[in-house]
**Q** 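Could you have a look at this structure, given as structure tokens, before my questions?
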Amino acid sequence: MNEDFLIRIDGRMEQAGETDSVELMTRGSFVRRGGSFFITYKESETTGYAGCTTTVKVAEDGRKVAMLRFGPAASQLIIEKGTRHLCHYETGYGSMTLGVAADEIESQLFDEGGQVKFSYTLDADQDMVLSRNLVTITVKKAERTPL
């Protein structure tokens with residue numbers, strides 16, 4: 001994987017009146033292919049998913065985001081405007097199926113980088129919301145350092 005881009009991920013989870021935030025800065029790849037942008041990076045011990053690679057696929061029209069994690073803790077979350085998806089999610093305690101519904105998706109991605117913001121709810125049953133999640137991913141070309 002060519003890691004020519006700096007990727008900053010700001011996430012916030014609201015659950016049962018509590019808010020938890022996480023911020024991650026890493027290197028990864030960013031390409032536009034077949035009507036979508038692909039942001040790919042390797043997970044680390046810090047995220048709790050060492051040995052995994054995550055790809056965030058953002059449709060050019062901004063209607064759909066897929067968060068795909070490959071490796072020992074594989075998962076797939078589909079966030080799409082106007083649609084609730086049932087998605088597979090792997091945790092340290094086992095796997096589960098969750099409902100995922102988009103609140104909003106705002107994409108300002110271009111070939112050289114940009115930003116995507118999206119928020120979604122996770123539920124175990126349509127009547128039982130587990131959390132609301134807000135994610136901002138910023139991608140920019142990494143500076144080259146001379147040898």
**Q** Return yes when atom NZ of Lys140 has more than 12 non-hydrogen atoms of other residues, nucleotides or ligands closer than 6.0 Å, and no otherwise.
**A**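 Counting other residues, nucleotides and ligands, NZ of Lys140 stays at 12 neighbours or fewer.
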**Q** Quick check: closest heavy atoms across Pro72 and Gly51, and the distance to 0.1 Å?
**A**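 Closest pair (atom of Pro72, atom of Gly51, distance): CD-O, 3.4 Å.
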**Q** Nearest heavy-atom pair of Ala142 and Arg27: which atoms, and what distance?
**A**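 Nearest heavy atoms, Ala142 then Arg27: CB-NH2, 3.4 Å.
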**Q** Using a 4.5 Å cut-off on heavy atoms from C-beta on, say whether the side chain of Tyr120 contacts that of Ile105.
**A**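 A side-chain contact is absent here, since even the closest heavy-atom pair is not under 4.5 Å.
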**Q** Identify whether Leu24 and Val139 are in the same connected component of the hydrophobic contact network (ILVMFWY, side-chain heavy atoms under 4.5 Å).
**A**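 Yes, Leu24 and Val139 fall within the same hydrophobic cluster.
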**Q** Please lay out, stage by stage, how Phe118 and Met67 fare under the test side-chain contact (heavy atoms from CB on, under 4.5 Å).
**A** CA-CA 11 Å; Phe118 53 96; Met67 296 173 52; 3.6 Å; yes
**Q** Heavy-atom distance under 4.5 Å between the side chains of Phe37 and Asp111, does that happen here?
**A**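 Answer yes - side chains close enough.
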**Q** Just how far is it from atom CE of Met13 to atom OG of Ser119, taken to the nearest 0.5 Å?
**A**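 Here the interatomic distance stands at 14.5 Å.
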**Q** Hydrophobic cluster mates of Val31, side-chain heavy atoms under 4.5 angstrom, ILVMFWY only, any path?
**A**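 Result for Val31 is Phe38.
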**Q** Would you please name every residue forming a side chain to side chain contact (heavy atoms under 4.5 Å, CB included) with Arg63, sequence neighbours left out?
**A**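 For Arg63, the residues satisfying side chain to side chain contact (heavy atoms under 4.5 Å, CB included) (neighbours in sequence not counted) are Asp61, Lys81.
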**Q** In terms of heavy-atom contacts, does CD of Glu112 have more than 12 from other residues, nucleotides or ligands at under 6.0 Å?
**A**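 Check passes, neighbour count above 12.
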**Q** Rounded to the nearest 0.5 Å, what's the gap from CE on Met96 to NE2 on His88? Could you check?
**A**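 Reported value, rounded in 0.5 Å steps: 10.0 Å.
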**Q** Clusters formed by hydrophobic residues whose side-chain heavy atoms approach within less than 4.5 Å: which one holds Phe70, and what are its other members?
**A**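 Other cluster members: Leu68.
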**Q** Rounded to the nearest 0.5 Å, what separates atom CZ in Phe30 from atom CG in Leu109?
**A**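 The CZ atom of Phe30 sits 4.5 Å away from the CG atom of Leu109.
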**Q** Kindly give the heavy-atom pair with the smallest separation between Tyr49 and Arg69, and that separation in Å.
**A**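 In this case the closest contact between Tyr49 and Arg69 is CE2-NH1, 3.1 Å.
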**Q** State which residue, out of Asp103, Leu77, Leu122, fulfils the side-chain contact (heavy atoms from CB on, under 4.5 Å) condition with Asn133.
**A**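 Only match with Asn133 under side-chain contact (heavy atoms from CB on, under 4.5 Å): Leu122.
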**Q** Under a single-linkage definition using a 4.5 Å side-chain heavy-atom cutoff for Ile, Leu, Val, Met, Phe, Trp and Tyr, are Leu130 and Ile79 assigned to the same hydrophobic cluster?
**A**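 In one cluster: yes.
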**Q** Rounded to the nearest 0.5 Å, how far does NZ of Lys117 lie from OG1 of Thr138?
**A**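 NZ of Lys117 is found 8.0 Å from OG1 of Thr138.
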**Q** Can you tell if the side chain of Val100 reaches within under 4.5 Å of the side chain of Ile78, non-hydrogen atoms only?
**A**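 They are not in contact (no side-chain heavy atoms under 4.5 Å apart), so the answer is no.
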**Q** Any chain of hydrophobic side-chain contacts (each under 4.5 Å) joining Val135 to Leu98?
**A**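 Yes.
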**Q** Would you check if Glu14 and Thr19 make a side-chain contact, meaning some heavy-atom pair closer than 4.5 Å?
**A**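 They are in contact (side-chain heavy atoms under 4.5 Å apart), so the answer is yes.
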**Q** Do Leu6 and Val22 sit in the same hydrophobic cluster, where Ile, Leu, Val, Met, Phe, Trp and Tyr count as joined when their side-chain heavy atoms come under 4.5 Å apart?
**A**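 No.
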**Q** Atom OG1 in Thr26, atom NZ in Lys42: separation rounded to 0.5 Å?
**A**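 So the OG1 of Thr26 and the NZ of Lys42 are separated by 9.5 Å.
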**Q** Please determine whether a side-chain nitrogen of the Lys or Arg among Arg8 and Glu23 lies less than 4.0 Å from a carboxylate oxygen of the Asp or Glu.
**A**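 Salt bridge between Arg8 and Glu23, a charged N being under 4.0 Å from a carboxylate O: yes.
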**Q** Quick one: OG on Ser36 to NZ on Lys57, what's the gap to the nearest 0.5 Å?
**A**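 Those atoms lie 4.5 Å apart.
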**Q** I want to check something: taking the side chain as every heavy atom from C-beta on, are Thr83 and Lys64 in contact at a cut-off of under 4.5 Å?
**A**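 With C-beta onward as the side chain, the pair stays apart.
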